[in-house]
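Working notes, beginning with the structure itself.
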2 protein chains.
Amino acid sequence: MVMPMNEQDEQKKYDAKKYRTPDGAPADIVMFTLTKKERKTVTKTLPLRELRVMLIRRRSWPFAGKWALPGGFSRDDESLYETALRELKEETGVVGRHLEYLSVYSDPGRDPRGWIISHAFFALVEEEVLEKRQAADDAEEVGLFTIEEALDELDLGFDHRDIIADAYRRIQEKMLKTTIARKFLPQEFTLSELYQVIKAVVPDFEEPNFIRKITSTRSRKGILEEVRDENGVPISSNQYSQRPAQLYRFLDNVPRLSIYS
Amino acid sequence: MVMPMNEQDEQKKYDAKKYRTPDGAPADIVMFTLTKKERKTVTKTLPLRELRVMLIRRRSWPFAGKWALPGGFSRDDESLYETALRELKEETGVVGRHLEYLSVYSDPGRDPRGWIISHAFFALVEEEVLEKRQAADDAEEVGLFTIEEALDELDLGFDHRDIIADAYRRIQEKMLKTTIARKFLPQEFTLSELYQVIKAVVPDFEEPNFIRKITSTRSRKGILEEVRDENGVPISSNQYSQRPAQLYRFLDNVPRLSIYS
DNA sequence: CGAATAGTGTCTATCAGACAATATGAG
DNA sequence: CTCATATTGTCTGATAGACACTATTCG
């Protein structure tokens, strides 16, 4: 492309700057999953659900031997979101159910390789994908840890503990303020399942009258609807219980919350 | 620092990589302010408040002559937050009332100068600071625009229109979900002032019974308290009205919102 | 008294929150 | 019949939402 002369001059002046530039811009991904564990009971029961995060044991410098988030460097022909999507696919083989930018981590010295500004994303991935990944890969050691393990017990590389803590806060917030729970659930689900998903991500969420409240018109705020067949008869499922439970599905409506109303 | 031999080797191997690295990581700042405009009325009135954003007219390539966000490149001895804080101080002389990370902008080609990944912040600054800045500076042309002007009427440089749109969405969300309104208000304020601030940032916030609701114990959610003197007598102010209005102050409590309760 | 804002009275349908009670269907 | 989950009954006090009404002070 031909440029007017003075623009070229200005550009040359700019290019001559001697400031140091970053040595890389990676995207690191906090991959969350909800694991389901069958419970041994007499009758049918809801599985236990636990929020877990996928980590990879580093094989090379820096932080060799330590657990860290999966990630990789961005290229100049892609946005950081595309970098994250590419890494997610490379790591899991799927695009996942959700991928969202979290924040930037740029403290000087955070990466011994140089001036490396990292961009953290978080993703939601189906349990099966990560389990398959865990079993199949012999090149890398992959672990699925609970949040408590990741934050309190493991010695993580880089500032990845901070990143996971931030991601955990963010997903807890989104769980309560948006309908992101749908990303952890099948299209149609029972209210107990929904409640359980919420509790798995936000343990101190307590709503003893959950079903009562969610089915009363106002609190529901138009986020859910009962599933009905073509004749308008409500459909229920007894997959997890003896007594069949009404199935619900999310609507596209995301309510606007406010502390002032 | 002496390193074990194999770590040095690994480091050398890493350094030999030939990937392109970014040409810079600037922080761009969306500086918001609430302007107050006196109204000509017979009696005392609340001033009109308007949310505005500060822009600078670029003097050099690229986008010379266009309006753009203030900002500057990060250095390798500071975090991006520190970069933003430094730029904010350089631009306004103050640290402002709020500075918060917004997001990253990394689309390839967004900056003709090269591979430049920009980090947007938004700041809240007192009106007087920006007005003084606007008057004093002869090196740069500074403008204070309403959101509508910035988004719909101006031809902005870079992807700064997107950034401002994102910042506007974010501040609207924070206005409703957090007590960030306090950053726009004096320590003690009347409920009309609070309502007005909210409306200035979120024009479609409608709460005809605002005072009623905010003073009923549950809705208040412990975010506000009445100002009282040492004898417990409520204090009111008639700065903006004939009839004195009760003063309130924010508590430190930030309620947790949820669509499920 | 008029202007402009602050705040209360009143009414009704709905909701929250608590807890007990009943329903369902497999084993 | 029991278990584990699903769902309804019932009650009280609080709230939302609407709208009219009164209060305060200055000029």
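Values reported hereafter were calculated over all heavy atoms of this structure, with side chains retained and with hydrogens, waters and symmetry mates removed. Per chain, numbering begins at 1; letters A, B, ... match sequence-line order.
Applying ring-ring contact (aromatic ring centres under 6.0 Å, His included) to B:H98 and the options B:F32, B:F122, B:F184 leaves one that passes, B:F122.
Along DNA chain D, the nucleotide nearest A:L247 and the nucleotide nearest A:R212 are compared for position; the residue whose nucleotide lies closer to the 5' end is A:L247. Between B:S236 and A:R243, the residue whose closest nucleotide on DNA chain C is further toward the 5' end is B:S236. Between A:P208 and B:A245, the residue whose closest nucleotide on DNA chain C is further toward the 5' end is B:A245.
One interatomic measurement links the two molecules: CD of B:Q246 to C1' of D:dT24, which rounds to 14 Å at whole-angstrom precision. What separates CG of A:L48 from C1' of D:dT5 is a distance of 14 Å, to the nearest Å. Look at CG on B:N238: it is 12 Å from P on C:dG7, rounded to the nearest Å. Atom CG of B:L191 is separated from atom C1' of C:dT5 by 12 Å (rounded to the nearest Å). A:Q239 places its CD atom 15 Å from the C1' atom of C:dA26, with the value rounded to the nearest Å. Nucleotide C:dA6 holds its P atom 9 Å from the CD atom of B:Q196, rounded to whole Å. D:dT8 atom C1' lies 18 Å from atom CZ of A:F210, rounded to whole Å.
Sorted by first then second residue, the salt bridge (charged side-chain N to carboxylate O under 4.0 Å, His left out) pairs that include residues 230-244 of chain B, not counting sequence neighbours, number zero. Residues in residues 180-191 of chain B take part in these salt bridge (charged side-chain N to carboxylate O under 4.0 Å, His left out) pairs, two or more places apart or across chains: B:R182-B:D252, B:E188-B:R249.
In this structure, B:Y195 contributes its side chain and B:E207 its backbone to a donor-acceptor pair below 3.5 Å.
One finds no side-chain N or O of B:K213 lying less than 4.0 angstrom from the OP1 or OP2 phosphate oxygen of D:dT15.
Comparing atom distances between the B:Q242 side chain and each of C:dG17, C:dT5, D:dC26 picks out D:dC26 as nearest. Among the nucleotides C:dA6, C:dA26, D:dT25, the one closest to the side chain of B:I211 is C:dA6.
For a distance-only test at 3.5 Å, the side chain of B:N209 qualifies as a donor-acceptor partner of the base of D:dA18.
Between A:A120 and A:Y101, the closest heavy-atom pair is O-CD1, 3.6 Å.
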